[in-house]
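Everything below concerns the one structure shown next.
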Amino acid sequence: MSTDAVTMDKIVSLSKRRGFVFPSSEIYGGLGSSYDYGHYGVLLKDNVKARWLEAMVRERDDIVALDSSIILHPRVWEASGHVSGFSDPLVDCRTCKQRFRADHLADPEHEEMRCGKRPSKRPGETPDCDLTEPRQFNLMFQTRVGALEETGVDVYLRPETAQGIFINFKNVAQIARRKPPFGIAQVGKAFRNEITPGNFIFRTLEFEQMEMEYFVPPDEAEEWYRYWVDERYRWHLRYGVRESHLRVRPHEADELSHYSSGTSDIEYLFPIGWSELEGIANRGAFDLTQHTEASGTKLEWVDAGTGERFLPHVIEPALGVNRSMLTFMVDAYDEEVVGERERTVLRLHPQLAPVKAAVLPLIGKDTAMVEKARALYEELRRHVSVEYDDNGAIGRRYRRQDEIGTPFGLTIDEQTLEDDTITVRDRDSLEQERISIGGARTKVAELLADDWKTPKAS
Ligand code: ATP
């Protein structure tokens, strides 16, 4: 029997217990909204990025990759509108000394917002709350480039990866010899001085983004916008997110950025409620126009043969790696009672799972079993991410693998010593199949390539 008993606390605790995510700077008391990723967190995050890049670049002919700098010329952020407009309205409470997003105060979606007093209240709820008027607070981190204070230049850590793509439009369009519609995809760190409480890795000061700018002829923009909303929605489903927990929410007219003629959020039903997972925006010609005007370089598409030229419009799907990883973990988290035992299992899509198979000698102290298991492990590790474990009771070893989401357990037992067969244990159904040890590599490859659907109830 399994229940959808997931809470953010359970995810935080599993993440720490199994080494996915640790609070940052913990030995110094921690730093709010910052996290460090442990071994399995790194592997899971890498798999999320790999699946995104596969869908965006490897499986397509019309999108190329880019890796631009984190620190760009400061004028980029003036032209993009971030210096003047990338800000949140904040209020301070003179009583509890905390800071809140003014636009979240009355928003039922942000029920969880609490002040620093005990018992904690919703800011503004009691006469004790002494809130200031809202002030605009820029989210960009500033730093200085240059050895000398006098000659140094103020620069910003990028708050999104997208601008690095726009300013490279000409380079890429010319060298890749692409004609719109075509896209440029980038994965990289972004930094935002977020004030609101983080909800674990949902919102952090630094995070990774996977953004793609798709340049299209202006009269095709609406059609491509709808295409990308649909395409991105299906990507989350492809990797196992339950349809009952995913929805597309088009922005209301008053929510739209001034340059956008259409934006939709793909939202996930997190334990904190429906929240943005990914945004898809129809940005029109805003970015290329701004950078053309500010830099003096014409960022338009020109056909070298016919001389045809136009300013493309841009469709942008933008997804946070960390938020996507959190979604996959929340959606995969399950608890069930099997026989008399309770187990926690991360039912991750096998292609996302940090470890694909665990190689386990049934009796860790049996030299013959260990020898066979080590040989199998050495063979498999050359092809996929596998783990060897001979430490402790087999039940405990299985439970550890269940918690990190390893889809297959390969167990070497007494019978292996007689006939060279092993068991393959399925993480979700707990069914065991006997196969020959020589066929293990092919079996794992086949299992990984199979279609997969979450066994979790919707
Ligand atoms: P939000 O409304 O949650 O602040 P946003 O609309 O400002 O997000 P975008 O600028 O559209 O976000 O960024 C694209 C994606 O980057 C978001 O959908 C989210 O997945 C991710 N993201 C944005 N800010 C953060 C953050 N502080 N921490 C983690 N991920 C983030």
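Since the model is a prediction, treat every value here as computed from it, not as a measurement. Atoms within a ligand are numbered from 1 in the order they appear, just like the ligands themselves.
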### Message
So does W77 get a backbone contact from the side chain of R158, meaning a donor-acceptor N/O pair under 3.5 Å?
### Response
no
### Query
Where the closest heavy atom to atom 3 (O) of ligand 1 is concerned, which of E316, M210, R323 has it?
R323
### Message
Suppose we call two aromatic rings close when their centres sit under 6.0 Å apart. Are F215 and W301 close by that rule?
### Response
no
### Task
Give the contacting part of E194 toward ligand 1: side chain, backbone, both or neither, where contact means a heavy-atom distance below 4.0 Å.
side chain
### Message
For Q136, I'd like to know if atom CD has over 12 heavy atoms of other residues, nucleotides or ligands within 6.0 Å.
### Response
yes
#### Entry: Nearest neighbour of atom 25 (C) of ligand 1 from the list F86, F207, F191, F202, on a heavy-atom basis
F207
### Task
Measure the distance from atom 28 (N) of ligand 1 to every protein heavy atom, then report the residue, atom name and distance (to 0.1 Å) of the closest one.
T204 N, 2.9 Å
### Query
Above 12 or not: heavy atoms from other molecules or residues under 6.0 Å from CG of D61?
no
### Salt-bridge contact E267-R323 (side-chain N to carboxylate O under 4.0 Å)
no
### Task
Check each of R192, E160, E278, E255 against atom 12 (O) of ligand 1 and report the one with the nearest heavy atom.
R192
### Query
Got the closest protein heavy atom to atom 4 (O) of ligand 1, with its distance?
R203 NH1, 2.7 Å
### Query
Any N or O on R101 sitting closer than 3.5 Å to an N or O of ligand 1?
no
### Query
How about N47 and R51: do any of their side-chain heavy atoms sit closer than 4.5 Å?
yes
#### Entry: Ligand-side contact atoms (ligand 1) for residue partner Q209, heavy atom cut-off under 4.0 Å
13 (O), 14 (C), 16 (O)
### Query
Do E278 and H236 meet the criterion of a side-chain donor-acceptor pair at a distance under 3.5 Å?
yes
### Message
Distance under 4.0 Å to a non-hydrogen atom of L277: what atoms of ligand 1 satisfy this?
### Response
18 (O), 19 (C), 20 (O)
### Task
Do me a favour and list the nearest non-hydrogen protein atom to atom 11 (O) of ligand 1 with residue, atom name and distance?
E276 OE2, 3.6 Å
## Note on the structure
Restricting to heavy atoms, the pick from G320, P159, S324, A162 nearest atom 21 (C) of ligand 1 would be G320
### Heavy atom of the protein closest to atom 15 (C) of ligand 1 (residue, atom name, distance)
A318 O, 3.6 Å
### Message
Looking at E208, is its backbone amide N or carbonyl O close enough to the side chain of N322 to form a donor-acceptor pair, meaning the two atoms are under 3.5 Å apart?
### Response
yes
